[in-house]
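In this text the structure is predicted, and so the values were computed from the model without any measurement. Order of appearance sets the numbers: ligands from 1, and atoms from 1 within every ligand.
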Amino acid sequence: MGPLTNAHTHLELTDLAHLCPTEPVSIVSWMGRLAWNLRKQSKARTQASIERGTAELQACGTTHLGDITRTWLSVEPLMVSGLHGVVYLEVMGHNKNKAFKRLEQAKIEIRKARQYPGYGSMQVGLSLHAPYSCHPDLLRVGAEWCRAEGVPLCIHAAESAAETKFLLSGKLPLVKGPVASLVKKLLSLPVSPGLRPIPYLARLGVLAARPLLVHAVHVTGDDIGLIANADCAVVHCPRSNDLLSCGRMPLDSYLAAGVPVYIGTDSRASSPDLDVRAEAEFAQRLHAGLVESQNITHLIHQPFRPTSE
Ligand SMILES: [Zn+2]
């Protein structure tokens, strides 16, 4: 049995499968509902979610994984799970003091994990959530630390049209109801960068840390050039992109530019299961006529190598 890589999950959201849409919905209102549900998720429930998610991954033969943990509770179970890959500690926020405090705590956790006997098959990295949800200094300083220390970095980037619009114009997407304030909290950059997500990350120096860029759907040819020149890898999550109305990632253009591409299911909150083979089958239908089926199958059978290497 060769490797089977699911390069993007949030195992701690396994219990939130009821949030997974059955028909495409707006990503902004979905994000609001997710944030609303996370407010009350207990530690015990989060741990049970991680356990269930890990079991689901192992049941479908997954050997390699890229997981993001907002609570950092995935680290210990994944380090002893026998799975290979990276678990990324998520840090985000616009309040600079709070965000930098959290970054310092993450650095301590990551350094501690690296001392763990047998460290290496499951590494611990940093996730700076997204260009719109992090203070620009957090993105800049966090990425610089990862680059200097050789720590794997992961960022959700260029996922939706709303993200690009927000970074370019500073205009908030229209959301109504109880989740509106949560969405506003997520989106409150001090100054609108006036740039698309990938050039914005490039200008901040973030691409120099070779982040793993998750989704990377809304990109121009120039953006793909920046990603290729920086030697970053991207993760394709086509079912989540479809259900959250994000559009088609130009997989053909990435492969033509020589960008390493992985496939990930994303969490159960936006994916019907954690089986990356089902994700690849969806991708084969989505890119039919543009990318050969076997080239997509190949993407899930490569071992997951953190981009800091
Ligand atoms: Zn994600």
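Considering only residues two or more places apart in sequence or on other chains, Ala7 meets the side-chain contact (heavy atoms from CB on, under 4.5 Å) condition with Thr5, Val235, Tyr262, Phe304. Asp222 pairs by the side-chain contact (heavy atoms from CB on, under 4.5 Å) definition with Thr220, not counting sequence neighbours.
Separation of the His64 and His84 ring centroids falls under the 6.0 Å cut-off.
Applying the salt bridge (charged side-chain N to carboxylate O under 4.0 Å, His left out) rule to pairs touching residues 42-58 yields Asp15-Arg45, Asp15-Arg52, Glu56-Arg268, sequence neighbours excluded.
Shown here are the protein N/O/S atoms lying under 2.8 Å from the Zn ion (ligand 1), water excluded: His8 NE2, His10 NE2, His156 NE2.
With respect to His236, the side chain to side chain donor-acceptor pair (under 3.5 Å) criterion is satisfied by exactly one of His287, Glu279, His8: His287. Results of the side chain to side chain contact (heavy atoms under 4.5 Å, CB included) test with Thr9 over Val276, Thr69, Leu65, Val87 single out Leu65 as the only residue that passes.
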